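Quick notes on the structure that follows.
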Amino acid sequence: MYQEERLIEILTYLRNEKRISVEKICELFDVSRDTARRDLVKLEEQQAILRTRGGAILPSIHNKIKDYPNRLRTDSGEKFHIGRKAASLIRNGDKVILDASTTVQSCADQMKELDCTVITNSINQAEILSNKANVTIHLLGGQLHKEHRFLYGTSVIDRLSKYYVDHAFIGVVGISEHGLTIAHEEDGMVKRKMLEQAKQVTVLADHTKIGITDFYQYASLEDIDLLITDRTPSVEFQELLSTHQVELVVTEEGA
């Protein structure tokens, strides 16, 4: 096998297993330790890996969070199916919290004409629900994050503490062994209070969010009850959810 072919295989292994050792490269490709080290040096020069003592890992990827309109257009099909499943869980008489994520907006879009109460810090969610005659809306007042269109601050958190609801629907940037994470601390603090006020907490996350850890952790896996996603995650991630007693729901399109 040529070096270029080995490098591709090493990167494929890293994407699946997260790390690789010199010994593992020798075992997989039947090469010497010197050859394995040269492969890692080559990949490091290409900035494809980070070398560690005895092996390598993939570098962290920091994606800039797009503004709200751009996020609405991203993976819109997956969000539609996840949102439809979430909306089907809401019943007449329910009191629910909807956060300001774009996947949760898909849930608001697809809610039926129910007699229910919705609490939200999203001006988009409030606008969408204002067209549903029987939905009572409580828009939490606070400082407006213009780019991402959510309200935040101590006034939002204080107001949230007065409400006790049946269900909270929450979005994430990442869900992993480190819990639920997001890019903005101010948004995360509001989300944390939202899930504290709900009897049942459902996370809406497409497959690209699974296994990802972002900047600010606002909840642990044991803080949630249900995860709705669009593709069946790895066995390891399913076992992680089971350990923390999180029910997994995969939309029919992704099952």
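No hydrogens, no waters, no symmetry mates; every other heavy atom, side chains included, goes into these values. Remember, predicted model here, so these are calculated numbers, not experimental data.
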Could you walk me through whether Glu44 and Arg51 pass the salt bridge (Lys or Arg N to Asp or Glu O under 4.0 Å) check?
-> CA-CA 7 Å; Glu44 185 178 43; Arg51 291 181 68 191; 3.8 Å; yes
Going through the checks in order, is the side-chain contact (heavy atoms from CB on, under 4.5 Å) test met by Leu139 and Thr120?
-> CA-CA 5 Å; Leu139 180 59; Thr120 186; 4.2 Å; yes
Audit row: Lys95, Asp166, salt bridge (Lys or Arg N to Asp or Glu O under 4.0 Å) steps and yes/no = CA-CA 5 Å; Lys95 296 174 177 62; Asp166 302 295; 5.5 Å; no
Does any pair with a residue in residues 99-140 pass ring-ring contact (aromatic ring centres under 6.0 Å, His included), and if so which ones, sequence neighbours excluded?
->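 Non-adjacent pairs meeting ring-ring contact (aromatic ring centres under 6.0 Å, His included): His138-Tyr163.
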Linked, directly or transitively: Val246 and Phe237 (ILVMFWY side chains, under 4.5 Å) |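 Result: yes, single cluster for both.
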Hey, could you give me the [atom1]/[atom2] distance between [X] and [Y], rounded to the nearest 0.5 Å?
{"X": "Ile182", "Y": "Met189", "atom1": "CD1", "atom2": "CE", "answer": "13.0 Å"}
{"X": "Ser106", "Y": "Glu78", "atom1": "OG", "atom2": "CD", "answer": "11.0 Å"}
{"X": "Thr136", "Y": "Asp115", "atom1": "OG1", "atom2": "CG", "answer": "6.5 Å"}
{"X": "Thr181", "Y": "Phe215", "atom1": "OG1", "atom2": "CZ", "answer": "11.0 Å"}
{"X": "Arg19", "Y": "Tyr13", "atom1": "CZ", "atom2": "OH", "answer": "10.5 Å"}
{"X": "Leu140", "Y": "Ser155", "atom1": "CG", "atom2": "OG", "answer": "8.5 Å"}

Is any side-chain heavy atom of [X] closer than 4.5 Å to a side-chain heavy atom of [Y]?
{"X": "Val250", "Y": "Arg231", "value": "no"}
{"X": "Lys18", "Y": "Ile57", "value": "no"}
{"X": "Ile10", "Y": "Phe29", "value": "yes"}
{"X": "Thr232", "Y": "Gln238", "value": "yes"}
{"X": "Lys191", "Y": "Leu195", "value": "no"}

Take Met111 and Ile128, measure what side-chain contact (heavy atoms from CB on, under 4.5 Å) needs, and give me the verdict at the end.
-> CA-CA 10 Å; Met111 279 176 58; Ile128 288 166; over 6 Å; no
Determine, step by step, whether Glu9 and Arg6 satisfy the salt bridge (Lys or Arg N to Asp or Glu O under 4.0 Å) criterion, reporting the C-alpha distance in whole Å, the side-chain angles of both residues, the deciding distance to 0.1 Å, and the verdict.
-> CA-CA 5 Å; Glu9 293 296 325; Arg6 282 198 310 276; over 6 Å; no
Output field: ring centroids Tyr216/Tyr218 closer than 6.0 Å =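 No, they do not, as the ring centres are separated by 6.0 Å or more.
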Mind running side chain to side chain donor-acceptor pair (under 3.5 Å) on Ser101 and Asp99 for me, showing each step along the way?
-> CA-CA 6 Å; Ser101 70; Asp99 79 355; 3.0 Å; yes
Where is the tightest heavy-atom contact between Leu40 and Ile25, given as atom of each residue plus distance?
->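 Looking at all heavy atoms of both residues, the closest pair is CD2-CD1, 3.7 Å.
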If every non-hydrogen atom of Val172 is compared with every non-hydrogen atom of Ala205, which pair is closest and at what distance?
->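 The answer is CG2-CB, 3.7 Å.
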With sequence neighbours left out, write down each residue that passes side-chain contact (heavy atoms from CB on, under 4.5 Å) with Ser32, or none if nothing qualifies.
->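 Counting only residues at least two positions away or on another chain, Ser32 forms a side-chain contact (heavy atoms from CB on, under 4.5 Å) with Asp34, Thr35.
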Where do Leu7 and Asp39 land on the side-chain contact (heavy atoms from CB on, under 4.5 Å) test, with the steps shown first?
-> CA-CA 7 Å; Leu7 300 186; Asp39 287 348; 3.8 Å; yes
Ion pair present between Lys24 and Glu27, side-chain N to carboxylate O less than 4.0 angstrom?
->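 Yes.
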Would Lys85 and Glu252 pass as an ion pair if we require N to O under 4.0 Å?
->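 Glu252 and Lys85: not salt-bridged.
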Just do the side-chain contact (heavy atoms from CB on, under 4.5 Å) check on Leu151 and Gln143 with the steps written out, would you?
-> CA-CA 5 Å; Leu151 296 150; Gln143 186 172 343; over 6 Å; no
Could you give me the CA-CA distance, side-chain angles and deciding distance for Glu23 and Arg33, then say whether salt bridge (Lys or Arg N to Asp or Glu O under 4.0 Å) is met?
-> CA-CA 7 Å; Glu23 289 76 11; Arg33 292 177 63 87; 2.6 Å; yes
Determine, stepwise, if the pair Ser161 / Lys193 fulfils side chain to side chain donor-acceptor pair (under 3.5 Å).
-> CA-CA 7 Å; Ser161 68; Lys193 193 62 182 176; 5.3 Å; no
